[in-house]
Amino acid sequence: VRQGRVLFRTPPQQHNFNFPFQLGVESSDTPSDAQCFMIPVRSGDIIVAGTDGLFDNVYDHEVASVAARARSLGHEPAIAAERMANLAQLQSRNETFTSPFAQAAKQWGFAYKGGKPDDITVVVSYID
């Protein structure tokens, strides 16, 4: 996030819709299957890393807004991360919300309405 706007977002890393790469005992996915990106950062940038539980339920502009507002108020990155996670959890339970997941489902030919309950992990870092 730079100046309140999303500068870069990784594409979904998945085998197919709603079938993400996963590391685990019974998974054939490995760390080398992940895509790697190098993005130049500068002072004032905010890095947000999150699981699909965040990005399936919170739009990019909402992530940027929460991050930029938290920083402008002098809050630590952990506060920004907590606020994003809380928003994701709230929206994941909303059965009438047109979530990012619902929009993606439609693009893949599936009918889905509402948020998507899932695990939610968010890490926020400020670049000084």
Please report the shortest heavy-atom distance between Ala81 and Val122, naming the atom on each side. CB-O, 3.6 Å
Apply side chain to side chain contact (heavy atoms under 4.5 Å, CB included) to residues His15 and Asp29 and explain how you reach the verdict. CA-CA 10 Å; His15 298 281; Asp29 297 331; 2.9 Å; yes
One should read off an interatomic distance between Asp60 CG and Phe8 CZ, to the nearest 0.5 angstrom, of 11.5 Å
Where the side chain of Ser65 meets the backbone of Glu62, is there a donor-acceptor pair that is under 3.5 Å apart? no
Donor-acceptor check, side chain of Gln35 to backbone of Gln13, threshold 3.5 angstrom: yes or no? no
Answer yes or no: is there a donor N or O on one side and an acceptor on the other, between the side chain of Ser99 and the main chain of Gly114, under 3.5 Å? yes
What heavy-atom pair brings Arg9 and Phe55 nearest, and what distance separates the two atoms? NH2-CB, 3.2 Å
Heavy-atom closest pair (Asn16 atom, Trp108 atom, distance to 0.1 Å) is OD1-CZ3, 2.8 Å
May I ask you to test the Leu23-Pro31 pair for a side-chain heavy-atom distance under 4.5 Å? yes
Are more than 12 heavy atoms from other residues, nucleotides or ligands located less than 6.0 Å from atom CD of Gln103? yes
Donor-acceptor pair, side chain of Thr51 and main chain of Thr121, under 3.5 angstrom: yes
d(Asp119 CG, Gln89 CD) to nearest 0.5 Å is 11.5 Å
First locate atom CD of Gln91, then atom CD1 of Ile120, and finally report the distance between them rounded to the nearest 0.5 Å. 10.0 Å
Shortest non-hydrogen contact between Ala80 and Ala70, atoms and distance: CB-CB, 3.6 Å
Would you say Arg71's side chain and Asp45's backbone share a donor-acceptor pair under 3.5 angstrom? yes
State which residues pass side chain to side chain contact (heavy atoms under 4.5 Å, CB included) with Tyr112; sequence neighbours excluded, sorted by chain then number. Phe101, Ala102, Ala105, Lys116, Pro117
Nearest atoms (heavy-atom pairs only) where Thr30 meets Ser32: OG1-OG, 2.8 Å
May I have the step-by-step check of side chain to side chain contact (heavy atoms under 4.5 Å, CB included) for Met84 and Val48, ending in yes or no? CA-CA 10 Å; Met84 285 180 215; Val48 178; 3.8 Å; yes
Below 30° counts as parallel, above 60° as perpendicular, anything between as tilted: where do the rings of His61 and Tyr59 land? parallel
Checking Leu54 against Asp118 for the side chain to side chain contact (heavy atoms under 4.5 Å, CB included) test, could you report, in this order, the C-alpha distance in whole Å, the side-chain angles of both residues, the deciding distance, and whether it holds? CA-CA 9 Å; Leu54 172 65; Asp118 203 346; over 6 Å; no
Identify, with sequence neighbours excluded, every residue that meets side chain to side chain donor-acceptor pair (under 3.5 Å) alongside Ser43. none
Here the pair of heavy atoms bringing Asn94 nearest to Phe97 is OD1-N, 3.1 Å
So Arg69 and Arg83, do their side chains get closer than 4.5 Å, heavy atoms only? no
In this structure, would Ile79 and Val63 fall into the same cluster of hydrophobic residues linked by side-chain contacts under 4.5 Å? no
Please determine whether the number of non-hydrogen atoms from other residues, nucleotides or ligands lying under 6.0 Å from atom CZ of Phe19 exceeds 12. no
At what distance, to the nearest 0.5 angstrom, does NZ of Lys106 lie from OG1 of Thr98? 9.0 Å
